[in-house]
Every structure is written in structure tokens, then in C-alpha cells.
Student: 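For reference, the structure I am asking about is given below.
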Amino acid sequence: MWAKCVRPTDAMFFQRLFLRPIKKWLPLPDTVGVKSRHIPSNLTLSRACWDGKITTGSLPKICLAGSSPGEGPGTMDNDEPLEPETKDESDSVSAPQSSDEALYCEAGAPVAAEKEKPAQESSETDLEIEDTEKFFTTGQKELYLEACKLVGVVPVSYFIRNMEESYVNLNHHGLGPNGTKAIAIALVSNTTVLTLELADNCIMQEGILSLVEMLQENYYLQEINISDNDLGLEGARILSEFLQNNTSSLFSLQLSGNNFKEESAELFCQALSNNYRIKSLDLSHNQFCDKAGEYLGQMLAINVGLQSLDLSWNHLYIRGVVALCNGLRSNVSLKKLDLSMNSFGNEGAAALGEVLRLNSYLTYLDLSSNNITNDGLSKISRALELNESLKVLKLFLNPISMDGAVLLILSIKRNPKSKMEDIDISNVLVSEQFVKILDGVCAIHPQLDVIYKSVQALSAKKTPFTWTNPVKLIQSYADQNKISILDFFRSLNPSGELMMPVGEFRKAMIQQNKVPINRYQVRELIKKLGEKTGMVDFRSVRPRCPDLSGLPLWPPEGPQTPGDLTPGAVEMEDVYAKTRSHLNYRTWHVYLNVSTPKRKVLPVY
């Protein structure tokens, strides 16, 4: 039995989003019987026509057109001749239409089904076609399972469970090139996944080619991590060609640990010179040397889209960092730069100091473990006296003494327009004299926090372990004034919102006079509220758990009737209460018993 394919929009959608990638990447089994009727060669479809779903039967029965111009309607991809059509079949098919109107294909029915059909049913009526026709609305799960079957890989259960989530983490799943192809096929028409993690999956060049093909069709994926896949020069070439013609929504690309060298850096820089869509690029843990620094500097001089660049754990020495800084002087978009673990020494620090004098856009700079001594730090300190944009400076694991640390914080004091919020010198031993100087600097810049390594000479009363928990202090104030802890935090934010930048929050907490709290307690409070995104979220503070001691667990002993409980119970959301058993419940319903003065606590499972 032969069946005509679906309405034009469904057929074109299927060919655009499904047949092309499968035809290009996946060979169909030899047992598939296919008879081509009319396949438009230049079929296009605007994105407005996409309905977000495709359906079909199992893929081995899907009809396909010839893959090359030389293949006629009577041949398949394996060049096996097809059986001639019967007269009834040719009469039942209407004349071919234009490519904008319809797409026709015919699929052979299974042999078992043909045996069950009576001989007189050699022709089909319109009713039979309508009953047997299956529209292309296959779900994402079925599509992925069929793709796995054709490429010969085991489906990833985690992907099946989370393919409708915005974040999918497939790191360390051992996908390989074929597993990556199956994932890419399933994501061609996916509209929910925004962030995809594929680190350490040995996807190699074949896998990255599949991902690039998918990104050319998927306009929803925004962030992708393909670190630690040993892509090498060939993988860099494939990615650079994609970046040169990038029309996707991708703005974050992580390529850490892929064995990229100078040749790869040249390809990426050529592509990124004209690409303004990529905002965040991670090239850490590669093998970029001084020549790569020259390419990167040339790219940064003309790129106006990149905002975050991670070059940590490379081999950028003096010449490479100096060349990189030459491009940074004229860059107007980069805000975050990570150059840690490169060992460029004081000469590189001096070049970065010149950049900080001129660049007014950089807000985050990580120079950890670069063999910078007090001499190199003095160059940076002089630049910070004029800089008005840098907020975070990390100098961890550099051979800096307390004299260099004092010079650094005094440079912040001399700059009344400084926006510095965090300085990390956590490997530097300091004295009480340094702490007194820092107190004076923080009085001028209350948003500043300096992380250092204290010494035993500090008095015991200043030991962080002896300070009261800041959340308890705030909760005590809220209880005394009969307000919630969220109301207190809202009062610190002029906009009244429940999120606030870290620097503004630290400044507000130091300047407020309602709760006695020092900057060390503020630092601990910021850790509790979360600071990974540069924002503190007041919603992460849980309301204090009420005292439920002495209350019996539900159900109590003895039978209970509905009359024992009042309607309209009081429900407390997001409250953690520890009962007399070993269990904790997230949500509790507290009911008042009418017949007795006892309250009963009901854990909701």
C-alpha cells in the first residue's frame, strides 16, 4: 500500500529540520523501501511556518528523496533498482506541484501488513488515506531514540529526562562522535534548551561538525560548553568557519582544554574580528604562546562584541602579554579578562598597568600566579590611582609582601573615584598595622573588601570565629521591630527589589546604623546570600523556623475524624522544622484542633 505524504507545510518542515540532517549524517538501512515521487530540490521555509513539532512513524519507514542530482526516481542511495509502480498507484497520485505547494513521497508498507490486506484493496479511497495518514508530530523523545537507533548508540537517559529543560548537563557522558550526532539531531528543532554542557565527551572533529550543522538550524541555543574534547587544529577550523558566518543565537562558547595552539589562535582571531555575537569566550587550558598573544591583541583591537575572555593556564609570556595589551588599549567592549597561571612576570604587569591607565571598560582582572613581585605591583598600583572602572582585582599566589599590599590599598585611597570592590591577596601575611590602614581606606570606600592572610599577632577579639552570625543579628533586629528579614534587606535597596549588586550591598550594610556589623561579617553574609553572579539575592535567606517543640507528630495516636480539624489551615511555605523523629519536611501545615487545645503538625509529602 502506498500513502501520500502530508500537507505542504508539514512536509517542508520535516524536510528542513529532520530529513536533511539525518540524510547528511545517517545512512538509512538497506531494508528501507523507498519510492520517490516528486522532491523539490530548492525547498525553503520561513521560520514563521515552523510549528515546533514533527511527527512520523519509525524512522526506518521514512521516505527520502535522492541524495544527489544523479539519482532518479527509480533508485535509492545504495543504487538498488526499485520495483516499477502499478497502474493503480500511478493513477492514484496527483500531478506534481511546485516546491512551494507540496512535497510528495511514498513509503512501502510493511510486508506483514500487506499479507493481512485483502486482495480487493489494491486501490485507496480518500477516506482510507485520511485514516492511515500520520502527521509529522513526533515528540523530541521519539526523535532522539530513533536517531540513536540509526547511529547505533545507547540513548542517554539523562538527556531524555531533561531535553525539555533550559539547562542540559551532559559533561563526562562518553558520548563520542556518534552520540553527539544523535544529540545534535534531537536539538535541531528543540526550542527549550538554552545551555548545553558537552565537556569531556571525546566528540572529536566529527562531533563538532554535527554540532555546527545543528547550530545553523537551531536559533534558541545560547550557551555551549565543548571543553576537554581534544578538538585540535581541525576542530578549530570547523568552529572558525562557523563563527565567520554565525547567524545563531549563540553568545557564550567554552573551548577550554582542546589542545589549541598558535595556528588555532589565528583561525579564531580571524573569525572573531568580524563576529559581534559572541560575548563570552573561554580559551583556558590550551597551548597559546607569544604568537597567539599577538593574534589575540589584533583581534581585541577591532572586536566590539566580546565582553569576557578567559586565557588562564596558557603559555603567554612577556612578549605575548605585551602584544595582548596593545590591543586592549583601544578595546571598548571587554569587561572581564582572566590571565591567571601564565607567568609573565613584572614586565607583563607593567604593560597591564598602562592598559589600566587608558582603558575605562575593564571591570574584572585576574592576575593570579604570574610571578608578580612588589616591583610589578607598584606599576599596577600607580595605574589604579587613575582608573575609574576596575571592580575586581585578583593577585593570589604572587610573591607579594605586606609592603606591596600596603602600597596597593593606599592607591585606592588616593583615588576618590575608584570603584574597586574586591582585592584578593589571600596569600599575603599582614599585621595589625595593615588592618588599621585598611580600616581607614574602607572608611572612604565602604564598598571595598580585601581578602588577605592574617597572622597570629592579631588579637583574639578580632578573630573571625568569635563574631556573631550576621543573620542572627539581623533576625534579632527584625523581631524587635516586628518586621521580616526581607523587609530589612529591602530597606537597603533604593529600588526595593530583592536583588542587589555586591558592591552596593556591602556599602549599604557598612553605612547602615540599625544592626552593628563589621566588614568581615558583611563578607560572611554575602557568601550566604550568593555572589557568583555579582548579585546578592535576599530571597535565599530562609525565614526563621518557629518553635515546634512539644507538638505531636501527625498522625496522632487514635482515630481522627474530619471534625477534629478546622477548615482554613495556616500554611507556612519554605519553613524547615525538625521534628522529634529523624525527618525534616520542607512544608508544614499547622492545624488547630477544635476539640482539644493541642495543635497538630502535618508533614506534607
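Values in this document were obtained by computation on a predicted structure and should not be read as measured data. Excluded from the calculations below are hydrogen atoms, water molecules and symmetry mates; all remaining heavy atoms, backbone and side chain alike, are included.
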Student: Roughly how far, to the nearest 0.5 Å, is CG of Leu187 from CE of Met214?
Tutor: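 Result: 5.0 Å between the selected atoms.
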Student: Tell me whether the count of non-hydrogen atoms from other residues, nucleotides or ligands lying under 6.0 Å of OH in Tyr361 goes above 12.
Tutor: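 No, OH of Tyr361 has 12 or fewer neighbouring heavy atoms, counting only those of other groups under 6.0 Å.
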Student: Can you give me the closest heavy-atom contact between Gln205 and Leu231, atom names plus distance?
Tutor: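 Looking at all heavy atoms of both residues, the closest pair is NE2-O, 3.0 Å.
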Student: Any idea which heavy atoms bring Asn246 and Ser248 closest together, and the distance?
Tutor: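 Heavy-atom minimum between the residues: OD1-OG, 2.6 Å.
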Student: Here's a test for you: under side-chain contact (heavy atoms from CB on, under 4.5 Å), which of Leu243, Asn275, Leu306 qualifies with Leu281?
Tutor: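 Between Leu281 and the candidates, side-chain contact (heavy atoms from CB on, under 4.5 Å) is satisfied uniquely by Leu306.
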Student: Check Leu300 against Asn331 and note the closest heavy-atom contact, atom names and distance.
Tutor: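 That closest heavy-atom pairing would be O-ND2, 2.8 Å.
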Student: Would a 4.5 Å heavy-atom cut-off, applied to side chains only, mark Met500 and Val536 as touching?
Tutor: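 Yes, at least one pair of side-chain atoms sits under 4.5 Å.
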Student: Using modelled atom types and a 3.5 Å cut-off, is there a donor and acceptor pairing between side-chain atoms of Tyr144 and backbone atoms of Phe159?
Tutor: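 Absent.
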Student: Under a 3.5 Å distance rule, please check whether Asn245 uses its side chain to pair with a backbone N or O of Phe242 as donor and acceptor.
Tutor: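 No.
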Student: Side chains of Leu296 and Met299: closer than 4.5 Å at any heavy-atom pair?
Tutor: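 With C-beta onward as the side chain, the pair touches.
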Student: Please enumerate all residues that pass side chain to side chain contact (heavy atoms under 4.5 Å, CB included) together with Ser426, with sequence neighbours excluded.
Tutor: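 Per chain and number, Ser426 pairs via side chain to side chain contact (heavy atoms under 4.5 Å, CB included) with Phe396, Asp424, Ile451.
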Student: Please report the C-alpha distance between Ile208 and Thr180 in whole Å, then the side-chain angles of each, then the deciding distance to 0.1 Å, and finally whether the side chain to side chain contact (heavy atoms under 4.5 Å, CB included) criterion is met.
Tutor: CA-CA 8 Å; Ile208 195 63; Thr180 306; over 6 Å; no
Student: Quick one: closest heavy-atom pair of Glu206 and Pro177, and the distance?
Tutor: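 Glu206 and Pro177 have their closest heavy atoms at CB-CB, 3.9 Å.
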Student: Quick check on Lys336: does its NZ atom have over 12 non-hydrogen neighbours (other residues, nucleotides or ligands) under 6.0 Å away?
Tutor: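 No, because the 6.0 Å sphere around NZ of Lys336 holds 12 heavy atoms or fewer from other groups.
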Student: Between Asn342 (side chain only) and Phe344 (backbone N and O only), is there a donor and an acceptor less than 3.5 Å apart?
Tutor: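 Here the side-chain-to-backbone pair does not exist.
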Student: Report the C-alpha separation of Val156 and Leu170 in whole Å, then their side-chain angles, then the decisive distance to 0.1 Å, and conclude whether the side chain to side chain contact (heavy atoms under 4.5 Å, CB included) test is met.
Tutor: CA-CA 9 Å; Val156 180; Leu170 292 172; 4.0 Å; yes
Student: So do Tyr167 and Glu223 actually touch side chain to side chain, heavy atoms under 4.5 Å?
Tutor: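 The answer is no; the side chains never approach within 4.5 Å.
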Student: In a table with atom names and distances, give each donor-acceptor pair under 3.5 Å that connects a side chain of residues 259-266 to protein atoms at least two apart or in another chain.
Tutor:
residue : atom : partner : partner atom : Å
Asn259  : OD1  : Gln287  : NE2          : 2.5
Glu262  : OE2  : Cys289  : N            : 3.2

Student: Between the main-chain N or O of Leu255 and the side-chain N or O of Asp282, is there a donor-acceptor pair closer than 3.5 Å?
Tutor: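 A pair under 3.5 Å: no.
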Student: Given 3.5 Å as the limit, does a donor-acceptor pair link the side chain of Asp290 with the main chain of Gly320, or not?
Tutor: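 Checked: pair present.
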Student: Verify, without hydrogens or angle tests, whether Asn303 (side chain) and Leu272 (backbone) share a donor-acceptor contact under 3.5 angstrom.
Tutor: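 Yes, the answer is positive, given that a donor and an acceptor are paired below the 3.5 Å cut-off.
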Student: Using side chain to side chain contact (heavy atoms under 4.5 Å, CB included) as the criterion, list what pairs up with Asp338, not counting sequence neighbours.
Tutor: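 If we apply the side chain to side chain contact (heavy atoms under 4.5 Å, CB included) test to Asp338, skipping adjacent residues, the hits are Asp310, Ser312, Ser340, Asp366.
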Student: Can you name the residues that form a salt bridge (charged side-chain N to carboxylate O under 4.0 Å, His left out) with Lys291, not counting sequence neighbours?
Tutor: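 Listed in chain order: Glu294.
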Student: List the steps and the verdict of side chain to side chain contact (heavy atoms under 4.5 Å, CB included) for Leu196 and Asn225.
Tutor: CA-CA 6 Å; Leu196 178 62; Asn225 179 11; over 6 Å; no
Student: Between Trp313 and Asn286, is there a side-chain heavy-atom distance shorter than 4.5 Å?
Tutor: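 In short, these two side chains do not touch, never coming nearer than 4.5 Å.
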Student: So, does Asn370 use its side chain to make a donor-acceptor pair with the main chain of Tyr317 at under 3.5 Å?
Tutor: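 Absent.
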Student: I'd like to check Asn229 versus Asp200 (side-chain heavy atoms, cut-off strictly below 4.5 Å). Are they in contact?
Tutor: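 Asn229 vs Asp200: side chains apart.
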Student: Side chain of Asn162, backbone of Val168: donor and acceptor closer than 3.5 Å?
Tutor: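 Such a contact is absent between Asn162 side chain and Val168 backbone.
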Student: Is there side-chain contact between Thr195 and Val193, with heavy atoms separated by less than 4.5 Å?
Tutor: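 Heavy-atom side-chain distance check fails, nothing below 4.5 Å.
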Student: Measure the spacing between CD1 of Ile160 and CD of Gln140 and express it to the nearest 0.5 Å.
Tutor: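 Result: 12.0 Å between the selected atoms.
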Student: Output the distance between atom OH (Tyr295) and atom CG (Leu267), rounded to the nearest 0.5 Å.
Tutor: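 Here the interatomic distance stands at 9.5 Å.
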Student: Between Leu395 and Asn427, which heavy-atom pair has the shortest distance, and what is it?
Tutor: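 In terms of heavy atoms, the two residues are closest at O-OD1, 4.0 Å.
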Student: Of all the heavy-atom pairs spanning Leu175 and Asn201, show the shortest one and how long it is.
Tutor: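 Scanning both residues, the minimum pair turns out to be N-OD1, 3.2 Å.
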Student: Going by the rule salt bridge (charged side-chain N to carboxylate O under 4.0 Å, His left out), which residues pair with Glu234 if we only count those two or more places apart in sequence or in a different chain?
Tutor: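 If we apply the salt bridge (charged side-chain N to carboxylate O under 4.0 Å, His left out) test to Glu234, skipping adjacent residues, the hits are Arg237.
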Student: With the side chain counted from C-beta on, respond yes when Asp422 and Leu393 share a heavy-atom pair under 4.5 Å apart, and no when they do not.
Tutor: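 The answer is no; the side chains never approach within 4.5 Å.
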Student: To the nearest 0.5 angstrom, please state how far the CG atom of Leu198 sits from the NE2 atom of His172.
Tutor: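 Nearest 0.5 Å value for the CG-NE2 distance: 11.0 Å.
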Student: Does the side chain of Leu143 come within less than 4.5 Å of Ser189's, by heavy atoms?
Tutor: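 Counting from C-beta outward, Ser189 and Leu143 do come under 4.5 Å.
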Student: Taking atom CD1 of Ile278 and atom CD of Gln307, what is their separation to the nearest 0.5 Å?
Tutor: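 So the CD1 of Ile278 and the CD of Gln307 are separated by 11.5 Å.
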Student: Asp537: which residues meet the salt bridge (charged side-chain N to carboxylate O under 4.0 Å, His left out) condition with it, sequence neighbours left out?
Tutor: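 Only Arg539 meet the salt bridge (charged side-chain N to carboxylate O under 4.0 Å, His left out) criterion with Asp537.
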Student: Give, for atom CG of Leu324 and atom CG of Leu339, the distance between the pair rounded to the nearest 0.5 Å.
Tutor: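 Going from CG on Leu324 over to CG on Leu339, the span is 6.0 Å.
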Student: Please answer whether the main-chain N or O of Met163 pairs with a side-chain N or O of Asn190 as donor and acceptor at a distance below 3.5 Å.
Tutor: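 Yes.
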Student: Looking only at the aromatic ring of each residue, does the gap between the centers of Phe288 and Phe268 stay below 6.0 angstrom?
Tutor: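 Distance test on ring centres: not under 6.0 Å, no.
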Student: Test your reading of the model: is there a side-chain donor-acceptor pair from Ser227 to the backbone of Ser256, 3.5 Å cut-off?
Tutor: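 Yes, Ser227 side chain to Ser256 backbone: donor-acceptor pair under 3.5 Å.
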